[in-house]
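Throughout, numbering of the chain's residues begins at 1 and tracks the sequence.
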Amino acid sequence: MEEKLKRYFELKKLAAEVNEELGKLRNELLDGHDGIAKRAYGDYILKINVQDRREYSDDKLQEAFPDPALWRLMSTHDAGKIAGLVKLAVVTEEQLRHTY
């Protein structure tokens with residue numbers, strides 16, 4: 001068991017080092033490109049896609065929802081549930097402005 005634990009911690013340390021290097025390389029690759037890009041470099045293709053990630057504030061969301069029962073239904077912010085409510089036209093993007 002001791003050998004398994006030793007190997008586990010060695011691999012965790014190695015994974016942390018790899019993730020750190022990947023992060024540095026990613027930042028270096030992104031520094032030279034603004035926004036969405038697709039470029040070929042030899043045999044490799046660099047694709048950059050911009051994603052809009054929203055993290056909502058519970059307090060601001062509660063104020064934005066017109067019906068308190070709706071808030072109780074959700075209980076906490078969940079980007080997927082909120083997107084569904086927007087698609088169903090229960091709430092509008094305008095109501096959600098400044099809640100994230």
Side-chain angles (χ1 to χ4, degrees):
M1 184 59 116
E2 184 177 340
E3 287 299 316
K4 287 181 182 179
L5 282 171
K6 179 182 176 185
R7 183 65 179 148
Y8 176 81
F9 284 108
E10 288 172 353
L11 291 173
K12 287 288 279 185
K13 182 179 177 184
L14 182 61
E17 292 170 2
V18 168
N19 284 333
E20 183 179 339
E21 186 175 352
L22 282 170
K24 287 179 184 177
L25 286 171
R26 181 179 186 274
N27 288 335
E28 289 175 13
L29 290 169
L30 292 176
D31 283 343
H33 301 85
D34 291 330
I36 300 172
K38 182 177 179 179
R39 292 200 178 136
Y41 296 96
D43 293 338
Y44 300 96
I45 296 175
L46 174 66
K47 292 181 185 179
I48 299 174
N49 297 317
V50 179
Q51 294 180 343
D52 181 24
R53 183 176 177 166
R54 298 178 179 180
E55 297 201 15
Y56 293 92
S57 163
D58 285 340
D59 296 332
K60 292 178 181 179
L61 272 175
Q62 193 169 8
E63 293 170 10
F65 282 126
D67 184 4
L70 186 61
W71 175 252
R72 284 192 295 274
L73 175 68
M74 270 195 10
S75 73
T76 60
H77 67 272
D78 179 340
K81 289 180 182 177
I82 294 169
L85 292 172
V86 171
K87 284 182 183 177
L88 293 171
V90 175
V91 292
T92 64
E93 285 286 343
E94 183 62 34
Q95 288 173 298
L96 295 177
R97 187 173 296 179
H98 307 297
T99 61
Y100 48 89

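Between R26 atom CZ and D31 atom CG the span is 10.5 Å, to the nearest 0.5 Å.
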Side-chain polar contacts of residues 35-48 - donor-acceptor pairs under 3.5 angstrom, sequence neighbours left out - could you list them?
| unit_1 | atom_1 | unit_2 | atom_2 | d |
| --- | --- | --- | --- | --- |
| R39 | NH1 | H33 | NE2 | 3.1 |
| Y41 | OH | H33 | NE2 | 3.0 |

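E21 pairs with exactly one of L25, V18, N19 by the side chain to side chain contact (heavy atoms under 4.5 Å, CB included) rule, that one being L25.
L14 places none of its side-chain heavy atoms less than 4.5 Å from the side chain of E10.
Between K24 and E20 there is a salt bridge, since at least one side-chain N of the basic residue sits less than 4.0 Å from a carboxylate O of the acidic one.
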